[in-house]
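Letters A, B, ... are given to chains in the order of the sequence lines, protein chains preceding strands, and every chain is numbered from 1.
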Protein chains: 2
Amino acid sequence: MDKNKSTTEERILEAAKKVFHSKGFDGARMQEIANEAGVNKSLVHYYYRNKDTLFNAVFEDAFGRLLAKLNEVILSDNTFVSKIELFLNFYITFLSQNSYLPLFVLNGLYEKPEQIKSMLAKKKISPEKLMDQLRNQVREELHIDIEPFHLLINILSLCVFPVLAKPLIMTIFGYSNDQLGQFYQERQTTVPEFILNALKGYEQNHSK
Amino acid sequence: MDKNKSTTEERILEAAKKVFHSKGFDGARMQEIANEAGVNKSLVHYYYRNKDTLFNAVFEDAFGRLLAKLNEVILSDNTFVSKIELFLNFYITFLSQNSYLPLFVLNGLYEKPEQIKSMLAKKKISPEKLMDQLRNQVREELHIDIEPFHLLINILSLCVFPVLAKPLIMTIFGYSNDQLGQFYQERQTTVPEFILNALKGYEQNHSK
DNA sequence: GTCTATATTGTGATAGAC
DNA sequence: GTCTATCACAATATAGAC
């Protein structure tokens, strides 16, 4: 499909993304990837020596995107609340399209924890720097001294989990696609408010 | 292993849990399950006709446990904060042991969304009832009128995601097993506080 | 109920012509 | 670079003896 667009190597990688994202490493078939790319199966081996190599390329692309976005947003010069909104917006719009991606990455992190370190180095991302930035910003804007790690995990939880749990939400609560979209839309305002209120309450309890 | 304890059928199911939980449906091998149970491979087929049937039994067990716990906690007669603490405690202690379980269930929900409805019926769980209970309790204890669905998802997010993201936390932030344990321990107090503060702030913004 | 043997199909990977 | 043909093995599943 789209045999003319871009190089063969690129088309194979795109096809591999599609298949690996939805089926995982064990569920994916080299034949299916070849079909999806519209090329012969041997060509997949020609460009990417074996299944492992191809999978690693796909995983690095996916994990790299998410890492880069997190890094970019936190290090930008927006306000604290704007950053949460930006991150939410990214997750809700981008990942609603690529809805298999977060679960794919999570699975990959369990299977290939070694790759995490090398990705951080390759993308020049420093977790410590992110935490410092978060701590300083909360101190300056909200005048609160917090442990940034819990806050970061809380933000990630509130942004990522509802996307991960999409099938749960749809089935248990009987949501249609439209209702789910509206729910995600509502979260664009409720989540920043939720986090900000939690922080302000923290201030009142600990500041005296 | 433990060839004497319990029936053969039970030992096969236990072995299947162990293998499916960590490797998923596609990654699991019937041979490995047989080895783990200490029985001949044919016996696995004798008791559970095929791989699908065996997987469904394992998935229903896992998903059923999580659903039952959520239902039990929310419908209990504890205070709102106690319920959050109970749920956190369950996730942190139980799932730190069975650390593959939440991701296993999440994957299963993507692959077999049909099973969700039948599990709810079988366990006699009503999502609507849970929501009503949550709404009423927050109104009575905190005097706040909220949309319970967002709150429920927020609670689930803050409890479940940090367990799911275990490898991410350990690798990115270089946590040891001990440090991770301490982090989870801290969340037993920080998360209920976080949620309560968020709700109180909501009250101040919307109650006038 | 439990075992051995085997049928059957699927799958990653390579050799070699063009 | 791209194709055909094929190897080598792995995996689910079943038949049938005991």
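- Side chains of A:T53 and A:N50: a donor on one and an acceptor on the other come within 3.5 Å.
- Between A:F25 and A:F55, the two ring planes are perpendicular [angle over 60°; tilted spans 30° to 60°].
- Nucleic acid contact class of A:A34 (heavy atoms, under 4.0 Å, all strands): none.
- Between the C1' atom of D:dA13 and the NE2 atom of B:H45 lies a distance of 5 Å, rounded to the nearest Å.
- We find that CE of A:M30 is positioned 12 Å from P of C:dT11, with the value rounded to whole Å.
- Here C:dT14 presents its P atom at 15 Å from CG of A:N40, a figure rounded to the nearest Å.
- For B:T8, a side-chain nitrogen or oxygen approaches OP1 or OP2 of C:dT2 to under 4.0 Å.
- Atoms CD (B:E32) and P (D:dA10) sit 14 Å apart, rounded to a whole Å.
- Taking the ring centre of B:F87 as origin, the terminal cationic atom of B:K69 falls outside the region bounded by 6.0 Å and 45° from the ring axis.
- The CG-C1' distance, from B:D52 to D:dT12, rounds to 11 Å in whole Å.
- Look at B:R29 and A:D26 and you find no salt bridge, because none of the NZ, NE, NH1 or NH2 atoms lies under 4.0 Å from a carboxylate O.
- In this structure, OH of B:Y47 is placed 17 Å from C1' of D:dT14, rounded to the nearest angstrom.
- The phosphate of D:dA13 has neither OP1 nor OP2 within less than 4.0 Å of any side-chain N or O from B:R49.
- The side chain of A:Y46 contributes no N or O atom lying less than 4.0 Å from OP1 or OP2 of C:dT14.
- Projected onto DNA chain C by closest heavy-atom contact, B:E9 and B:K41 fall at different nucleotides, the more 5' of which corresponds to B:E9.
- Across D:dA13, D:dA11, D:dA5, the shortest atom-to-atom separation from the side chain of B:N50 is found for D:dA13.
- Checking side-chain atoms of B:N136 against main-chain N and O of B:D132 turns up a donor-acceptor pair under 3.5 Å.
- Atom CG of B:D26 and atom C1' of C:dG10 are 13 Å apart (whole Å).
- In this structure, A:L43 places its CG atom 14 Å from C1' of C:dA13, rounding to the nearest Å.
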